[in-house]
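Take a look at the structure set out below.
All of these numbers come straight from a predicted model, not from anything done at the bench. Below, chains carry the letters A, B, ... as their sequence lines are ordered, and counting in each starts from 1.
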Amino acid sequence: MSKTPQRVRGTQDIFGEDADRFQAVVSAFDRVRRLYAFRRVEMPVFEETQVFARSIGETTDVVSKEMYSFEDRGGDSLTLRPEFTAGICRAYLSNGWQQHAPLKLVTHGAAFRYERPQKGRYRQFHQLDAETIGAGEPAADVEIIAMGAQLLDELGISERVELKLNTLGDPATRDAWRDALVEHFRGHRNDLSEDSRARLEKNPLRILDSKAHQDWPIVDAAPTVDDFLTAEASDFFAAVTSGLDAAGVKWTRDPRLVRGLDYYRHTAFEFVTEDLGAQSAVLAGGRYDGLMESLGGPHTPAVGWAAGIERLGMLIDSPWQERPEFVLVPMGSDAEIFCGGFIADLRRRGVYCDMAYRGSLKKRLQRADAAKASYAILVGEDELAAGEVTIRSLKSGEQLRRSVAEILKGPIGGRTFTLVSLTHGLDGIANTL
RNA sequence: GCGACCGUAGCUCAGUUGGUUAGAGCAUCGGUUUGUGGUACCGAGGGUCGCGGGUUCAAGUCCCGUCGGUCGCCCCA
């Protein structure tokens, strides 16, 4: 057993291609959210425990077992955010953001749940989050789902995911449906799995997505929400589905898709995949019109979703790795000093470059090659004496001498000028100076 | 919290029915070439075989425990 500190369970050191994947997901998210006119917010990583405890209501198991809660030095109970929604709602209430309603927001970052790690599931994980607060119109549901769909499309994984959609109706619908479900499952109590018999008392809606095969016939025979939809709830769902159709977002109805908490109303949706083991959801959300009230605020309709960055990162194609255009290769201490200044000049002009400052010339060129740079810039005594550098194409091996003064003639920020003055004449690049 | 499987070099792994001094590839460093990368060849460093106990003449190998990892169950706000 090593004496050095180890990574704590369920955390990740994300490096290399995984880090590139992470960044690719976040970049796509930021691009798409701008297209939909969602504004960026940055939220605290921790909140008073009650922010999350009240948002998840009576499910005390989750509060006590699955939240990262701790006392600070003043004795206050704080909790690392297990998700973004509750914190954003708290901010909406405490900052008077009602004045901006309907407010379209996105954020992303780390979230924390004390769970057993498995594929696509970590204790510190990372989410994208989108919320539209203060909008009760079905158009808000359509817009935010369409944004999720476009994100998945731009990530190139729309073929690997499917949008499942359901409605939970309004409170009257939900209560009636829930009662009917309980009655139905009680009638088949002895045929249910052990887990589902326990769920019958704690969270009967969850029996609908039971993984136990023996439950499936009973689930299939269970009453669906459609039998209990009020006229308003039915109209709302019809507006959402026709809006999605108009937006060209493909969806399938999943009458078993539910949310356990009472504040969820109407729309529930999940983009699911079969490529992530037991974790099928990659982007999921719904309308949570009752949440603000459970936090003590006024009735405020809202809809949102969250998506796991790691899960999305696992699904996308390997992203393009950024590579330097130039690697400087100084030979000798005078050249190293010169290159330290020269590379700063190049970088101020916006050129992505790096310097190989260790080992023999051979080693330095190997490093330039390993970095997948396009060109190496060699500087030794000859070059210094002449006020020049040698540009070597790492593709063709062609080399040319270039005047330092000419390269640096262009303005700060003059990236194109600098690139051309370095590379023209190599690899068929014409001199356009 | 429960279950299954897995822990050997920095990484990926091999290691025979238990049998001498535990191996390979990749990576790292050096050399063939002290101013020329990708390819090739040569060499070097790097391991208390996760940890503890047991069985045995002998344990990387078998048994028990423990810690860690992976996957699944529960849960999924």
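- If you check every strand for non-hydrogen atoms under 4.0 Å, A:R9 touches sugar and phosphate atoms only.
- Among the heavy atoms of the strands lying under 4.0 Å from A:G397 is at least one base atom, whether or not backbone atoms are also near.
- Using a cut-off of 4.0 Å between Lys/Arg side-chain N and Asp/Glu carboxylate O, A:R40 and A:E42 are scored as salt-bridged.
- No hydrogens or angles considered: nothing links the side chains of A:E398 and A:S393 as a donor-acceptor pair under 3.5 Å.
- Nucleotide B:rU56: unpaired (no Watson-Crick or G-U wobble partner with both distances less than 3.5 Å).
- Backbone-only contact: A:R199 has heavy atoms under 4.0 Å from sugar-phosphate atoms and none from a base.
- A cation-pi arrangement, defined by a distance under 6.0 Å to the six-membered ring centre and an angle within 45 degrees of its axis, is present between A:R123 and A:Y114.
- Between A:H184 and A:H188, the angle of the ring planes lies from 30° to 60°, which puts this pair in the tilted group.
- Residue-level contact check: A:S393 touches the bases, meaning some heavy atom is under 4.0 Å from a base atom.
- With both ends at atom P, the span from B:rG38 to B:rG50 equals 37 Å, rounded to whole Å.
- Side chains of A:T79 and A:E47: no donor on one and acceptor on the other come within 3.5 Å.
- A heavy-atom distance below 4.0 Å to RNA chain B is reached by these residues of residues 362-369 of chain A, ordered by number: A:K362, A:K363, A:L365, A:Q366, A:R367, A:D369.
- Remark: the separation of the P atoms in B:rG7 and B:rA77 is 36 Å, to the nearest Å.
- Checking A:E48 against A:S77 by side-chain atom types alone, no donor-acceptor pair falls below 3.5 Å.
- Taking the charged nitrogens against the carboxylate oxygens, A:R402 and A:E406 have no contact shorter than 4.0 Å, which rules out a salt bridge.
- The base-pairing partner of B:rA44, taking Watson-Crick or G-U wobble contacts with both distances under 3.5 Å, is B:rU28.
- Residue A:G277 is in sugar-phosphate contact alone, with no base atom involved, counting any heavy-atom pair closer than 4.0 Å across all strands shown.
- The side chain of A:K119 contributes no N or O atom lying less than 4.0 Å from OP1 or OP2 of B:rU70.
- In this structure, the nucleotide among B:rA77, B:rU36, B:rU70 sitting nearest to the side chain of A:R116 is B:rU70.
- Counting only N and O atoms by type, the side chains of A:R415 and A:T418 include no donor and acceptor under 3.5 Å apart.
- Between B:rG72 and A:Q118, a contact under 4.0 Å exists linking OP1 or OP2 to a side-chain N or O.
- Using a 4.5 Å cut-off on side-chain heavy atoms (C-beta onward), A:L312 and A:L128 make contact.
- In this structure, A:E383 reaches the bases: a heavy-atom distance under 4.0 Å links it to at least one base atom across the strands shown.
- There is a side-chain donor-acceptor pair under 3.5 Å between A:D215 and A:S193.
- With rounding to whole Å, A:R123 atom CZ is found 14 Å from B:rU70 atom C1'.
- Side-chain contact check for A:R7 and A:T11: no donor-acceptor pair (N or O, by modelled atom type) lies under 3.5 Å.
- Remark: B:rG3 base-pairs with B:rC71. Criterion, Watson-Crick or G-U wobble with two distances under 3.5 Å.
- Residue A:R206 places at least one side-chain N or O closer than 4.0 Å to OP1 or OP2 of B:rC76.
- For the C1' atom pair drawn from B:rC13 and B:rG31, the interatomic distance equals 28 Å after rounding to whole Å.
- Using N1 to N3 plus N6-O4 or O6-N4 for Watson-Crick, or N1-O2 and O6-N3 for G-U wobble, each under 3.5 Å, B:rU21 pairs with nothing.
- Using a 4.0 Å heavy-atom distance criterion, A:K372 is classed as making no nucleic acid contact.
- Distances shown here put every side-chain N or O of A:R121 at or beyond 4.0 Å from the OP1 or OP2 atom of B:rG72.
- Interface remark: the A:R392 side chain does form a donor-acceptor pair with the B:rG37 base, using a distance-only criterion of under 3.5 Å.
- Comparing A:A212 and A:E270, the nucleotide of RNA chain B nearest to each residue sits closer to the 5' end for A:A212.
- With the nearest nucleotide of RNA chain B identified for both A:G10 and A:D195, A:G10 has the one nearer the 5' end.
- Base pairing analysis places B:rU33 opposite nothing; no Watson-Crick or G-U wobble pair with both distances below 3.5 Å involves it.
- Within residues 288-312 of chain A, no residue has any heavy atom under 4.0 Å from RNA chain B.
- In terms of polar N and O atoms assigned as donor or acceptor, the side chain of A:E115 never comes within less than 3.5 Å of the base of B:rG1 in a complementary pairing.
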